[in-house]
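The structure presented is a predicted model; accordingly, all values stated were derived computationally and were not measured.
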Amino acid sequence: MGHYTRMKETFYITTTLPYVNAEPHIGFALEILQADALARYKRLTGHEVFFNTGTDEHGQKILEAAEKAGRDIQEYADYYAGEFGKLKDTLNLSYDAFIRTTSPEHVRAAQEMWQRCKHDIYKKEFEGLYCVGCERFLAQRDLIDGKCHIHQTEPQLIKENNWFFRFSKYEKALLEYLSDTKVIIPDWRREEAINFVKEGLEDFSISRDKKRLSWGIPVPGDDSQVMYVWFDALTSYISCLGWPDKGNFEKFWTEGHTLQMAGKDQVRFQSLMWQAMLTSAGIKKTDQVFYHGFINSEGQKMSKSIGNVISPYDLVKKYGTDATRYLLLRHVHSTEDTDVTWEKLDEWYNAHLANGLGNLTSRIMTLAAANLDKPAEIPEWENMEEYFALLEKYDFNAAMDYIWNKIGTLDLLIQDKKPWESKDKKVISDLAIRLYSIARMINPLMPETSAKIKALVKANKKPENLFPRLN
């Protein structure tokens with residue numbers, strides 16, 4: 001990818017684990033592609049990387065979905081875990097682990113986490129408003145007109161005996177953690193986390209009565225309760241590393257740089273609850289959490305009931321894998337909400353891939369194949385620090401824009417030099433070298449296209465159409 005001089009480190013990256021109560025959607029595809037691009041970039045620049053994803057398979061939401069579908073719950077979870085597993089080939093993902101929260105390794109880790117936090121766990125009777133969609137009890141500040149502000153549904157009033165975690169004990173420790181500007185990207189999400197803490201943290205229930213919800217990990221030492229789905233699922237970020245055994249956990253979590261990717265609605269779970277759990281268990285807190293925005297369609301949040309959900313499988317079927325990676329990494333804002341429609345996707349594809357990179361590759365390599373006696377000589381390395389700096393900030397849009405500016409510059413150079421008239425070998429060779437440089441840069445973002453362009457330049461061959469125009 002170029003000459004790299006920064007310090008090498010072990011780098012751990014994880015997505016959140018999607019619930020297995022529906023097919024994969026475009027929002028999760030965005031998150032896992034951002035994580036994959038970073039993992040590939042880090043590997044290419046000499047870091048040792050552990051990249052994790054998986055599925056969250058317990059909780060009321062999944063139990064209800066399985067019952068509604070009239071299916072055995074484990075079989076239901078297996079089916080949807082398989083649907084998420086298929087994304088690996090469909091989106092060309094390079095993850096190292098796919099953790100399922102129903103796996104024996106994870107169950108063991110979640111129960112160990114409970115034991116290590118036991119000094120902060122107590123039992124009490126509790127009455128509260130529970131949102132199944134959020135899988136949590138809501139405070140008054142979470143309600144608008146008596147409904148959950150995220151799902152617009154009326155929460156259920158539930159009264160039961162539960163185990164609680166002393167969240168309130170960690171206010172000071174969390175404010176100290178959040179005072180480091182590097183722990184959350186973008187910074188306004190860090191401010192959001194600080195405000196949550198300053199409003200006061202309430203101890204939260206970390207178990208459910210088995211009579212009401214049987215689908216969960218048993219609470220150690222209490223057969224009447226199962227673990228609250230979030231307490232169980234958050235532990236997946238370390239169970240995937242084999243924790244409580246040392247090995248990979250020590251290498252990538254304790255000694256490495258840890259990065260979690262999550263949606264903007266996850267701030268209190270990822271940057272507060274999970275960090276308090278880690279502190280309680282005597283484990284290093286996460287180094288960074290990166291929060292992306294939502295993808296909406298025609299001004300509305302995507303939902304199955306509205307019928308405006310876009311599936312990553314449909315995207316790949318229409319545009320291809322690398323084009324899908326391009327569309328989500330460049331045209332969906334890295335941290336803000338973005339409105340996406342099929343019309344916009346078609347427009348971006350034609351303008352920037354078919355008429356952009358595809359057309360440029362075709363023009364340059366047609367000239368090279370016809371006029372050069374041998375392939376252009378590619379330099380061993382080049383300085384890409386400017387480009388790397390954008391990926392270091394997790395600014396995928398800016399990194400893509402940087403590459404497409406290079407593409408635009410190259411188009412202008414061709415217009416200016418008119419090599420089809422001059423047949424100037426030096427000019428044509430220079431164009432091929434610059435095209436190779438673009439292929440180097442897109443490697444972590446569009447790996448297949450990168451490999452194809454590099455192979456064409458090295459073989460001095462005219463290409464087949466990389467991105468056929470949509471009619």
Side-chain angles (χ1 to χ4, degrees), residues 13-16 18 25-35 37-38 41 133-134 136 138-144 148-152 167 170-202 204 230 234 237 257-279 285-297 299-302 328-340 388-402:
I13 183 168
T14 185
T15 66
T16 48
H25 61 82
I26 192 175
F28 180 65
L30 169 71
E31 184 175 307
I32 204 164
L33 283 176
Q34 289 178 334
L38 273 179
Y41 158 68
C134 293
R136 69 182 181 91
L138 304 182
Q140 280 306 314
R141 66 186 176 198
D142 302 315
L143 302 174
I144 294 173
C148 165
H149 74 100
I150 294 173
H151 295 95
Q152 277 82 54
F167 197 26
Y170 290 98
E171 283 185 12
K172 197 174 163 210
L174 286 168
L175 285 173
E176 203 173 300
Y177 167 68
L178 294 167
S179 69
D180 180 348
T181 55
K182 293 191 288 294
V183 296
I184 292 182
I185 298 166
D187 198 59
W188 67 87
R189 298 278 172 230
R190 188 175 66 89
E191 294 297 331
E192 200 177 293
I194 289 168
N195 290 337
F196 272 137
V197 182
K198 285 184 173 171
E199 281 173 23
L201 299 178
E202 290 175 16
F204 60 89
W230 279 100
L234 289 165
Y237 300 148
H257 179 90
T258 54
L259 171 72
Q260 293 171 209
M261 314 291 278
K264 67 173 190 179
D265 56 341
Q266 297 269 315
V267 173
R268 73 176 81 189
F269 298 108
Q270 310 295 333
S271 290
L272 301 180
M273 285 158 66
W274 173 229
Q275 305 312 318
M277 284 166 61
L278 287 167
T279 308
K285 290 190 272 295
T286 310
D287 292 314
Q288 276 183 321
V289 186
F290 173 88
Y291 293 102
H292 61 82
F294 288 159
I295 299 179
N296 303 319
S297 191
Q300 289 177 297
K301 192 172 183 233
M302 284 193 185
L328 294 182
L329 290 169
R330 186 175 187 205
H331 294 288
V332 174
H333 195 281
S334 300
T335 54
E336 304 266 14
D337 291 0
T338 304
D339 200 83
V340 168
F388 289 165
L390 300 171
L391 289 173
E392 288 291 331
K393 288 192 293 193
Y394 316 143
D395 196 339
F396 306 98
N397 308 136
M400 278 289 199
D401 287 347
Y402 184 89

Show the atom names and distances, to 0.1 Å, of all donor-acceptor pairs under 3.5 Å that link a side chain in residues 172-179 to residues at least two apart or in another chain.
unit_1, atom_1, unit_2, atom_2, d
Y177, OH, T286, O, 2.7
S179, OG, E176, O, 2.5

Can you list the steps and then say if N397 with H333 is a side chain to side chain contact (heavy atoms under 4.5 Å, CB included)? CA-CA 6 Å; N397 308 136; H333 195 281; 3.8 Å; yes
Can you tell me how far apart OH (Y237) and OG1 (T15) are? Round to the nearest 0.5 Å. 7.0 Å
Check whether the side chains of T16 and Q266 place a donor and an acceptor atom closer than 3.5 Å, and report yes or no. no
Is the shortest heavy-atom distance from the side chain of R189 to the side chain of K264 under 4.5 Å? yes
In Å, rounded to the nearest 0.5 Å, how long is the span from CD1 of I194 to CG of L272? 10.0 Å
Would you confirm whether S297, through its side chain, and V340, through its main-chain N or O, come within 3.5 Å as a donor-acceptor pair? yes
Atom CG of L201 and atom CE of M273: how far apart are they, to the nearest 0.5 Å? 10.5 Å
For side-chain hydrogen bond (donor to acceptor under 3.5 Å, both in side chains), just list the numbers for Y394 and Q288, CA-CA rounded to whole Å, side-chain angles, deciding distance to a tenth of an Å, and then say yes or no. CA-CA 11 Å; Y394 316 143; Q288 276 183 321; 2.7 Å; yes
Is the backbone of F396 close enough, under 3.5 Å, to the side chain of S334 for a donor and an acceptor to pair up by distance? yes
Checking side chain to side chain contact (heavy atoms under 4.5 Å, CB included) for the pair I185/K393: CA distance, chi angles, key distance, verdict? CA-CA 9 Å; I185 298 166; K393 288 192 293 193; over 6 Å; no
Rounded distance [0.5 Å steps], CD1 in I184 versus CD in E191: 9.5 Å
How long is the span from the OG atom in S271 to the CD atom in Q260, to the nearest 0.5 Å? 7.5 Å
Quick one: are R190 and D187 in side-chain contact, heavy atoms under 4.5 Å? yes
N296 (side chain) donor-acceptor with D339 (main chain) under 3.5 angstrom: no
Below 4.0 angstrom, N of the basic side chain to O of the carboxylate: do D142 and R268 qualify? yes
OG1 of T14 to CG of L259: how many Å apart, nearest 0.5 Å? 9.0 Å
Is the number of heavy atoms from other residues, nucleotides or ligands under 6.0 Å of E336 CD greater than 12? yes
Apply side chain to side chain contact (heavy atoms under 4.5 Å, CB included) to residues V183 and K285 and explain how you reach the verdict. CA-CA 10 Å; V183 296; K285 290 190 272 295; over 6 Å; no
What are the two closest non-hydrogen atoms of H292 and G27, and how far apart are they? CE1-O, 4.0 Å
Tell me whether the rings of F388 and Y41 are parallel (<30°), tilted (30 to 60°) or perpendicular (>60°). tilted
